[in-house]
Amino acid sequence: MTTLRLATPDLELDLAPLGARVHRLRVRAPDGAWRDTVLHLDRVADHLDSPSYLGATVGRCANRIAGGLVQIDGMEHRLSRNEGPHTLHGGADGFDRRTWSVVSATAARAELALRSPHGDQGFPGNVEVRAVFEVTGRELTIGYTATTDAPTVVSLTAHPYFRLSGTTAEDHVLTVPASRYLPVTDEGVPTGEQAAVTGTAYDLRRGRSVSSLVEDVGGLDHCFLVQGSGLREVARLEAGGLAMTLVSDQPGLQVFTGGAFCDDPFPRWAGVALEPQLPPDAVHHPQWPSPVLRPGETYSWRSVVRFARVD
Ligand code: GAL
């Protein structure tokens, strides 16, 4: 089986066990026609040759870990390094490349599971992950939980690239209610500073078009610290008479405007990845929320993708 179909009269999700992946997500647009809302390759297996993490569940640790090293309780762990000296999205063989098992599936809900053994990509501890996908009306809810039998690092995210209409997202308007963002080095690793967005191109609080961001700062690949806590709106994207609201319980939102898709058949700026997560490289910044997970604790992550017409 390459995908499971979850559907309501107005929303259709093709969910791939390969990478617990939002492979295709279609919504009934205001004109009654079905509209694709996320970038996808034709065949699920093609994702094994893609460097873009299209729609995947990313783990054990989303984003970059500087130098591919983590220290937990004084013990150093050398991780799989798949972006120069750094670890990106869990290492060379991340959760996005695994075939998750299907625990249960109905027409509107599916639960997938993955066991990541001790030493996987260099991370300690046996980790058990569950991913639940559920559709209602024009909404998709994704929930992750994880447990471990030894102290380790867990920070997951879902990695769909949204494109609500057209062939690129350049005309899409993106709003992110964040007053601070994390500047990064040339290698995409946070410098440790939390910069105010006021008066900069990174102020997305009143909405900005992707093309204006490309013009001003060459596009985005940055984590925004979203105001508030708990489940709340973390982003809104609008284009072609459709609005997508993203709700999440995570403190950070990585915004990647799709500056390059390498070997994938998409033009630059074809879609915007909006990835709720803990701050990148948080293992090296004790002042940020910690991604360390210990035995007896349950990691949890939740987000809702909600579509509506723009009036
Ligand atoms: C994003 C990351 C980008 C790039 C992309 C995959 O999450 O922020 O720098 O690595 O994934 O192509």
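Each residue takes its place number in the sequence, starting with 1. Atoms within a ligand are numbered from 1 in the order they appear, just like the ligands themselves.
- Near ligand 1, heavy-atom contacts under 4.0 Å come from Pro51, Ser52, Tyr53, Arg64, Leu88, His89, His159, Tyr161, Asp221, Gln254, Phe256, Glu275.
- When atom types are taken as modelled, the side chain of Thr157 and the backbone of Pro276 share a donor-acceptor pair closer than 3.5 angstrom.
- In this structure Arg5 satisfies the salt bridge (charged side-chain N to carboxylate O under 4.0 Å, His left out) test together with Glu12, Asp14, sequence neighbours excluded.
- Remark: side-chain polar atoms of Arg232 are paired, donor with acceptor, to backbone N or O of Gln227 under 3.5 angstrom.
- Among Thr87, Thr152, Thr148, Asp120, the one residue that satisfies the side chain to side chain donor-acceptor pair (under 3.5 Å) test with Arg60 is Thr152.
- In this view, Ala239 and Leu164, Ser165, Asp171, His172 satisfy the side chain to side chain contact (heavy atoms under 4.5 Å, CB included) rule, not counting sequence neighbours.
- With sequence neighbours left out, Tyr202 forms a ring pair (Phe, Tyr, Trp, His ring centres under 6.0 Å) with Tyr181, His222.
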